[in-house]
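Start at 1 with the first residue, then count along the sequence. Worth knowing before you read on, the calculation uses all heavy atoms, side chains too, and leaves out hydrogens, waters and symmetry mates.
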Amino acid sequence: MDHLDAGTNKIMATIIIESIMKYDTCVSTADKVEVLFELIKGLIKELDGTATDELDEEDFKEEQNSVARLIHVMYNDEPEEMLKIICTVRKHIMAGGPKRLTFTVPPLAFSALKLVRRLQGQDGDMAGEEVPATPKKIFKLLNEIIEALSSVPSPELALRLYLQCAEAANDCELEPIAYEFFTQAFVLYEEEVADSKAQVTAIHLIIGTLQKMTVFGVENRDTLTHKATGYSAKLLKKPDQCRAVYACSHLFWVDDQDGIKDGERVLLCLKRSLRIANAAQQQANVTRGSSGPVTLFVEILNKYLYFFEKGNPQITSSAIQSLIELIKTEMQSDTTTPDKASDAFFSSTLRYVQFQKQKGGIMGEKYGPIKV
């Protein structure tokens, strides 16, 4: 391989990877990984005399995706050897420069997370012996791997990976580590994610992950929840704000046996999202002369129904009734833009309420007072 020119070297490296993939070869020791990376180094770092600029973007993506696929076939059942493999891969991909990291960091991170899942529940201090592969050590390594993405920079990807790590730390019941990963995600959100669309995606990912967390004590959970609701209300567009704020209501009502059930704060979130939806309608009225479809109100009504069924005492049938009336009034208003999709959405929601009323039983009784 060393005697080939750069172009041929890459072609040969690609053929080696394709062959490994084709025959499902498992690269099972750190030494084999070392040898393999030496063979395909043309794809992993700049060989002398080749500049990245000469590379076609499509070819470059294809090459890096094949390296990413390769990382998944490096596997050993022994946690200690697997950790060595991960460290060897890391050493090589970190030498490849920032341009390659967005392709190679995610598979490495997931490979490390797989190992964490296998070691779940082992803390490594069994009978005083030093166990080399423990979740804590791997999380430390993961933090360093993801931090490397800041040189790219690729904040959205790093944020997703931090949240994946937080989830794994939650399953290993390591509260301080999970909190640290969340902090990193929030810092990235604050300082690096500037695009408004990316912010919407990121805040929903944060809310979704936070809702699944069971490891946090009251204080830590409150801090993170407060942050998430605060950012939701600061999104640029009113409809995005509204959707993120009502999504936050799920942070206060987790439907597990010992999950958090704070009915009052759920109601506060829903009322706040209603106020934002109202403001969005008024804003549209001023700027366009029509207030736009009632979709946001119907979405909030569906949230009300969800928590009503889950038994949240703060969500009453009269609150639902008045929201239904509000939507009907809005729809009949001259300024509301007729919209088939939101009309159909509202009709379906009312049909659902009707269906629950007719079903009888406890649910039927609950829905009894609501008139549609």
Neighbour count >12 (heavy atoms, 6.0 Å) for atom [atom1], [X]:
{"X": "R288", "atom1": "CZ", "answer": "no"}
{"X": "K328", "atom1": "NZ", "answer": "yes"}
{"X": "R160", "atom1": "CZ", "answer": "no"}
{"X": "K114", "atom1": "NZ", "answer": "no"}
{"X": "E219", "atom1": "CD", "answer": "no"}
{"X": "Q354", "atom1": "CD", "answer": "yes"}
{"X": "H72", "atom1": "NE2", "answer": "yes"}
{"X": "E325", "atom1": "CD", "answer": "yes"}

Exercise. Are the charged groups of R100 and E46 less than 4.0 angstrom apart, N to O?
Worked result: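 Yes, this pair counts.
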For this session: Would you mind checking if K61 and E57 are paired as a salt bridge, meaning a charged N to carboxylate O distance below 4.0 Å?
Result: no
Heavy-atom pair with the smallest gap, counting every atom of [X] and [Y]:
{"X": "A169", "Y": "I177", "value": "CB-CG2, 4.0 Å"}
{"X": "Q281", "Y": "V294", "value": "NE2-CG1, 4.2 Å"}
{"X": "I93", "Y": "L101", "value": "O-CD2, 3.8 Å"}
{"X": "L188", "Y": "P155", "value": "CD1-O, 3.7 Å"}
{"X": "F308", "Y": "S317", "value": "CE1-N, 3.8 Å"}
{"X": "I17", "Y": "S66", "value": "CG2-O, 3.7 Å"}

Heavy-atom side-chain contact between [X] and [Y] under 4.5 Å:
{"X": "K84", "Y": "E78", "answer": "no"}
{"X": "L224", "Y": "Y179", "answer": "yes"}
{"X": "C242", "Y": "I300", "answer": "yes"}
{"X": "M331", "Y": "D343", "answer": "yes"}
{"X": "I320", "Y": "I315", "answer": "yes"}
{"X": "I11", "Y": "I15", "answer": "yes"}
{"X": "I16", "Y": "I20", "answer": "yes"}
{"X": "Y246", "Y": "L270", "answer": "yes"}

Approximate separation, where rounding is to 0.5 Å, of [X] [atom1] and [Y] [atom2]:
{"X": "D222", "Y": "F252", "atom1": "CG", "atom2": "CZ", "value": "7.5 Å"}
{"X": "C87", "Y": "K91", "atom1": "SG", "atom2": "NZ", "value": "10.0 Å"}
{"X": "N220", "Y": "T183", "atom1": "CG", "atom2": "OG1", "value": "8.5 Å"}
{"X": "K303", "Y": "L323", "atom1": "NZ", "atom2": "CG", "value": "13.5 Å"}
{"X": "L36", "Y": "I44", "atom1": "CG", "atom2": "CD1", "value": "7.5 Å"}
{"X": "L39", "Y": "D2", "atom1": "CG", "atom2": "CG", "value": "9.0 Å"}

Exercise. Is there a side-chain contact (heavy atoms from CB on, under 4.5 Å) between Y162 and E147 once you walk through the steps?
Worked result: CA-CA 10 Å; Y162 279 135; E147 247 172 29; 3.8 Å; yes
Problem set entry | With E38 via salt bridge (Lys or Arg N to Asp or Glu O under 4.0 Å) - residues at least two apart |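 So E38 forms a salt bridge (Lys or Arg N to Asp or Glu O under 4.0 Å) with K41.
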According to a hydrophobic-cluster definition based on side-chain heavy atoms being under 4.5 Å apart (Ile, Leu, Val, Met, Phe, Trp, Tyr only), do [X] and [Y] belong together?
{"X": "V27", "Y": "I85", "result": "yes"}
{"X": "V89", "Y": "L157", "result": "yes"}
{"X": "V73", "Y": "L83", "result": "yes"}
{"X": "V254", "Y": "L251", "result": "no"}
{"X": "V298", "Y": "Y352", "result": "yes"}

Exercise. Quick one: are the ring centres of H250 and Y306 less than 6.0 Å apart?
Worked result: yes
Exercise. How about F297 and F346: are their ring centroids closer than 6.0 Å?
Worked result: no
For this session: Mind telling me whether F60 and F103 have parallel, tilted or perpendicular rings, with 30° and 60° as the class edges?
Result: perpendicular
Exercise. Y231 vs F186 aromatic rings, parallel, tilted or perpendicular, using cut-offs 30° and 60°?
Worked result: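 If you compare the ring of Y231 with that of F186, the planes turn out tilted.
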Exercise. Regarding E309 and Y367, is there a side-chain donor-to-acceptor distance under 3.5 Å anywhere?
Worked result: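 Per modelled atom types, E309 and Y367 side chains form a pair under 3.5 Å.
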Determine all donor-acceptor pairs shorter than 3.5 Å in which one atom belongs to a side chain in residues 197-212; sequence neighbours excluded.
unit_1, atom_1, unit_2, atom_2, d
Q199, NE2, V193, O, 3.0
T201, OG1, K197, O, 3.1
T209, OG1, L205, O, 2.7

For this session: Output, in order, the C-alpha distance, side-chain angles, deciding distance and verdict of side-chain contact (heavy atoms from CB on, under 4.5 Å) for M1 and L4.
Result: CA-CA 5 Å; M1 292 291 276; L4 302 171; 4.1 Å; yes
For this session: Please lay out, stage by stage, how C165 and V116 fare under the test side-chain contact (heavy atoms from CB on, under 4.5 Å).
Result: CA-CA 10 Å; C165 294; V116 167; over 6 Å; no
Problem set entry | Any donor-acceptor N/O pair, E63 side chain to T14 backbone, under 3.5 Å |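 Side chain of E63 to backbone of T14: no pair is present.
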Exercise. Stepwise, does the side chain to side chain donor-acceptor pair (under 3.5 Å) test hold for K359 with Q356?
Worked result: CA-CA 5 Å; K359 206 162 69 168; Q356 292 290 38; 3.1 Å; yes
For this session: Could you please spell out the steps behind the side-chain contact (heavy atoms from CB on, under 4.5 Å) verdict for N302 and F345?
Result: CA-CA 10 Å; N302 276 275; F345 187 15; 3.4 Å; yes
